[in-house]
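The block underneath contains the structure these notes are about, expressed in structure tokens.
Throughout, a chain's letter reflects where its sequence line sits, starting with A, and its residues are numbered from 1.
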Number of protein chains: 2
Amino acid sequence: MPRKPKQQRSQATVNAIIEAGFIAMAEREPATITTRQIADIAGVGVGSLYEYFENKEAIFSAMSERFVADTVALIRPQIATLVRMPIRDAVRHMLESFRTFLQENDGRYLSCIQYAMTLDFERYIDPLQQTLSELVTQYLMNHPDTLRVRDIPTMSYIMIHGGIFAVVRHLSDPSPPITFDQLVEGLARMVGHYTEREIAMANATQEHLRAKEPDETGSDREQ
Amino acid sequence: MPRKPKQQRSQATVNAIIEAGFIAMAEREPATITTRQIADIAGVGVGSLYEYFENKEAIFSAMSERFVADTVALIRPQIATLVRMPIRDAVRHMLESFRTFLQENDGRYLSCIQYAMTLDFERYIDPLQQTLSELVTQYLMNHPDTLRVRDIPTMSYIMIHGGIFAVVRHLSDPSPPITFDQLVEGLARMVGHYTEREIAMANATQEHLRAKEPDETGSDREQ
DNA sequence: GATTTATCCGAATTGAATCCGAACAAGCGT
DNA sequence: ACGCTTGTTCGGATTCAATTCGGATAAATC
């Protein structure tokens, strides 16, 4: 039922509506935002919302979509650079730029990611996850020694999901128990230590072709 | 405005309403649940909902509260046992029992935790976080060597939040890219490797009172 | 400038959440 | 057992926000 905007006028309306959504999101609880408020902020009639959006949900979805697209646009160009950095620096660098990104425009995207995490989740987090997976893959290809860590898909899954959530949760917390810098350093160490330890263990196993320290290698099972 | 239930009859009603909430949550999207549905499932009139609950939200809150309380009740008694296990085993053990817990009663709690994460967040995740923090503290006290890892609050923050989210996300995902067992093993390795590496680094630093491998120790800054 | 097409609007409709006052049940003193 | 008070239940009436609809206005096309 909602139509595609064909004139530049209507495209501006669509944009105003999405912008209004971000503004409203920044000042109220998402659940308490009404269509009338969005329309008022956007400077259009309520009816106009429904010319281009199925329903109120759809407006929020469009916001999430734009947010995720912007995030991907933030990360993707950095991949080439990140991939050449030591792993801890790469993590640090990416997280700092992500923080800056989330906090610009009065933290409009911060409200948004919280919303995106609640509702659609799969649909809107997936592209982000895809991008990060791509980053990991590229990284591995540029650092052949890191290919020795076991069960890379799992570790990538843990680092991506755990990392995203820890950061979002921290940025949403009005009085976090640790600083953001501590969080970044912690995540960097976590990832760095893990890969180093795995590489060391892989090397150790290879060198003594047969076990000599069942203590260390005894817990190697999976993969 | 909502009153406290004084007779056992009304206490039963309150319970029926919360139960109905769980049942409804298990079969429909939380957003599409209506008060009439809840009332019908509970076998009471719609008006009765408002005798003990401020509004529909409050019913969901009560559910979250019960869920979190049950989760804490699940973990707390295990602390004494977990604290004596090697760290990887403790992680494995805890996650397995958590999975079992989430999936009993047709996974009613699974829908619930997703909801709890959306709305109140602080209020309902906090007690869980408290409990896990307590577990970490106890663990540290029982394993004095682990006290050598740097910035324990931060690492505890990362492991708790990242771990909770990775698990919840995995259990919510209809077609996860990795198995739950892989996730558990991965988290166990992550935590285990990290602590071991930190301890090793602390020992190394102590032994050669002055640096000899600026490569390794060069990235030690914080704390 | 007439006609078609796109856009905009806000009063009317719809449906769910919430309120309310009457009916019903329990406790309780007599 | 009986009347009185208090707790409880109920579902129709009310309220309020989302969505619809049909006409008004503006741009585009010929």
Length of the CG-P vector between A:Asn55 and C:dT14, whole Å | 19 Å
Would you kindly give the CG-to-P distance between A:Leu49 and D:dA17, to the nearest whole Å?
-> 15 Å
Under the side-chain contact (heavy atoms from CB on, under 4.5 Å) rule, collect the residues that match up with A:Ala62, sequence neighbours excluded.
-> A:Ile18, A:Phe53
Within this structure, what is the CG-to-P distance between A:Asp40 and D:dA18, rounded to whole angstrom?
-> 12 Å
Can you run down the salt bridge (Lys or Arg N to Asp or Glu O under 4.0 Å) pairs that involve residues 13-27 of chain A, sequence neighbours left out, and say none if there aren't any?
-> A:Glu19-A:Arg66, A:Glu19-A:Arg108
Can you list the residues that meet the ring pair (Phe, Tyr, Trp, His ring centres under 6.0 Å) rule with B:Phe101, with sequence neighbours excluded?
-> B:Tyr109
What side-chain donor-acceptor pairs closer than 3.5 Å can you find for residues 34-43 of chain A, not counting sequence neighbours?
| from | atom 1 | to | atom 2 | distance (Å) |
| --- | --- | --- | --- | --- |
| A:Thr34 | OG1 | A:Arg36 | N | 3.4 |
| A:Thr34 | OG1 | A:Gln37 | N | 3.1 |
| A:Gln37 | OE1 | A:Thr34 | N | 3.2 |

Across all chains, not counting sequence neighbours, the ring pair (Phe, Tyr, Trp, His ring centres under 6.0 Å) partners of B:His143 are B:Tyr139
Looking only at side-chain N and O atoms, does A:Thr35 come under 4.0 Å of OP1 or OP2 in D:dA18?
-> yes
Scoring nucleotides 3-11 of chain C by protein non-hydrogen atoms under 4.0 Å (B base, S sugar-phosphate only, - none) yields ---SBBBB-
Contact class for A:Ile59 (heavy atom, under 4.0 Å): base, sugar-phosphate, or nothing?
-> nothing
N or O in side chain of B:Tyr50 less than 4.0 angstrom from C:dT18 OP1/OP2 | yes
Answer yes if the side chains of A:Tyr194 and B:Arg197 hold a donor-acceptor pair under 3.5 Å, and no otherwise.
-> no
Rounded distance in Å - CD (A:Gln37) to P (D:dC16) = 14 Å
Whole-Å distance between D:dT20 P and A:Phe53 CZ?
-> 15 Å
